[in-house]
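Read the structure below first, then the notes.
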Amino acid sequence: RPEIDETGQQLIENAAIGLGFSQTSNGTTITLDSMLGFKDTKESLMYLTFTITPPEGYEFPEDMQYWCFWNDRRKLVPEDYEIPYTASTVKNPDGSASVLWAMMPQCDLSGYRLHIEIGGCGTADRDSVASLYDGSRVIELPGSWTFDFTLPDLPDTQEITLDAAALREAGLPVTALRLSDFGGIAELEHVQQLENFTLEYPDGTEYTVSFGENGDNLWLNMDEQSRPFCQVLFLNPQPVRKASAIVIDGVRIPLK
């Protein structure tokens, strides 16, 4: 996980939308605490945080790398679109556990509902990552939890002014760039993986995300019309509105 600095932590606290939906099944309470992210017509980003409070006498393992929600579904309603996600779980000092979901649906989220079903909690086989997918698992906390709610209004990505001719001359295939404090979208003229993306600030500080590094990343993707774009993720969020320039694969774009 990337270390989140003080600025990033403040951005998270300011952007988090409290939800507080809670359900108890078989003595285990799962609370959907909050949500944050951004929305974009190409691909939006949702971070969801959960708290699991187990029955009295049950203790979570200290290492929860292989701990999962099992038999879970995540759908946008009414399209019935199943959303891919990544998850991370940690044990809290008070004996509960915190779960973070990162979800990236390829649509603007305005007006949608989110339907979540969870069919149990437990661990995967530590000796095989494949067990996360082939059913080799132990359900330690059985139950059934369902959350269904209208998505709160996440901030839109903001258009960044580009000199298209200068970018083309520099060999950079970016035709449009939209960003938020948590990342955004770079539309591409043709399929080409972006390697490095840096935000520069007036005080001389820089923040870089790179393709292939664990944590902050650039991800090449295709929309429904097979047009390429790059998803930019800031897991250590940065105040984009305060940046003085953006550097993409060595091409510097001054910001006003």
Side-chain angles (χ1 to χ4, degrees), residues 1-4 6 8-37 45-77 82-105 109 112-129 131-154 182 215 235-237:
R1 296 182 182 182
E3 293 294 329
I4 298 177
E6 186 176 343
Q9 188 61 49
Q10 188 62 55
L11 285 173
I12 291 173
E13 292 175 5
N14 292 341
I17 300 171
L19 298 176
F21 304 136
S22 187
Q23 287 193 3
T24 300
S25 180
N26 288 342
T28 298
T29 300
I30 297 178
T31 302
L32 178 49
D33 296 304
S34 65
M35 175 181 177
L36 52 83
L45 171 68
M46 294 186 290
Y47 290 122
L48 297 181
T49 64
F50 301 82
T51 299
I52 312 173
T53 305
E56 185 175 353
Y58 180 89
E59 289 192 14
F60 288 116
E62 293 300 323
D63 179 4
M64 299 193 71
Q65 179 180 357
Y66 296 91
W67 183 271
C68 305
F69 287 148
W70 290 119
N71 304 323
D72 57 292
R73 302 181 66 199
R74 308 146 309 280
K75 299 190 302 178
L76 282 182
V77 179
E82 192 81 13
I83 312 172
Y85 79 121
T86 59
S88 178
T89 307
V90 296
K91 181 179 180 179
N92 298 321
D94 65 1
S96 65
S98 291
V99 180
L100 173 67
W101 278 6
M103 307 166 67
M104 290 168 280
L109 297 170
Y112 283 101
R113 295 180 64 82
L114 180 60
H115 181 84
I116 299 172
E117 297 175 9
I118 300 170
C121 313
T123 52
D125 179 0
R126 292 170 179 263
D127 297 327
S128 173
V129 175
S131 68
L132 292 170
Y133 310 99
D134 68 12
S136 301
R137 60 198 184 214
V138 178
I139 296 180
E140 300 176 32
L141 297 176
S144 178
W145 300 264
T146 302
F147 302 95
D148 192 296
F149 61 98
T150 299
L151 288 169
D153 191 27
L154 294 175
F182 295 90
L235 295 188
N236 183 350

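What you are looking at is a predicted structure, and each value in this text was computed from that prediction instead of being measured. Because only heavy atoms are used, hydrogens play no part in the values below, and waters and symmetry mates are left out as well, while side chains stay in.
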Residue E13 excluded, over 12 heavy atoms near CD under 6.0 Å: yes
Heavy-atom pair with the smallest gap, counting every atom of [X] and [Y]:
{"X": "I30", "Y": "C121", "answer": "CD1-SG, 4.1 Å"}
{"X": "W101", "Y": "A87", "answer": "CD1-CB, 3.6 Å"}
{"X": "P237", "Y": "I12", "answer": "CG-CG1, 3.7 Å"}
{"X": "I83", "Y": "K75", "answer": "CD1-C, 4.5 Å"}
{"X": "T28", "Y": "P55", "answer": "OG1-CD, 3.2 Å"}
{"X": "I118", "Y": "F147", "answer": "CD1-CE1, 4.3 Å"}

Geometric class of the W67/F60 ring pair [parallel <30°, tilted 30-60°, perpendicular >60°]: perpendicular
Atom [atom1] of [X] and atom [atom2] of [Y]: how far apart are they, to the nearest 0.5 Å?
{"X": "T29", "Y": "I52", "atom1": "OG1", "atom2": "CD1", "result": "10.5 Å"}
{"X": "H115", "Y": "R73", "atom1": "NE2", "atom2": "CZ", "result": "6.5 Å"}
{"X": "L32", "Y": "L48", "atom1": "CG", "atom2": "CG", "result": "5.5 Å"}
{"X": "D33", "Y": "L100", "atom1": "CG", "atom2": "CG", "result": "11.0 Å"}
{"X": "S22", "Y": "F50", "atom1": "OG", "atom2": "CZ", "result": "11.5 Å"}
{"X": "F149", "Y": "R113", "atom1": "CZ", "atom2": "CZ", "result": "9.0 Å"}

Check against side-chain contact (heavy atoms from CB on, under 4.5 Å), F69 and W145: CA-CA 10 Å; F69 287 148; W145 300 264; over 6 Å; no
Q23 side-chain N/O to T146 backbone N/O, donor-acceptor pair under 3.5 Å: yes
Donor-acceptor pair, side chain of T53 and main chain of S96, under 3.5 angstrom: no
Reference residue P105; test side-chain contact (heavy atoms from CB on, under 4.5 Å); the match among M46, R74, E82: M46
Option among L151, L114, D153, L45 that satisfies the side-chain contact (heavy atoms from CB on, under 4.5 Å) test with L109: L151
Worked verdict on S144 versus S25 for side chain to side chain donor-acceptor pair (under 3.5 Å): CA-CA 6 Å; S144 178; S25 180; 5.8 Å; no
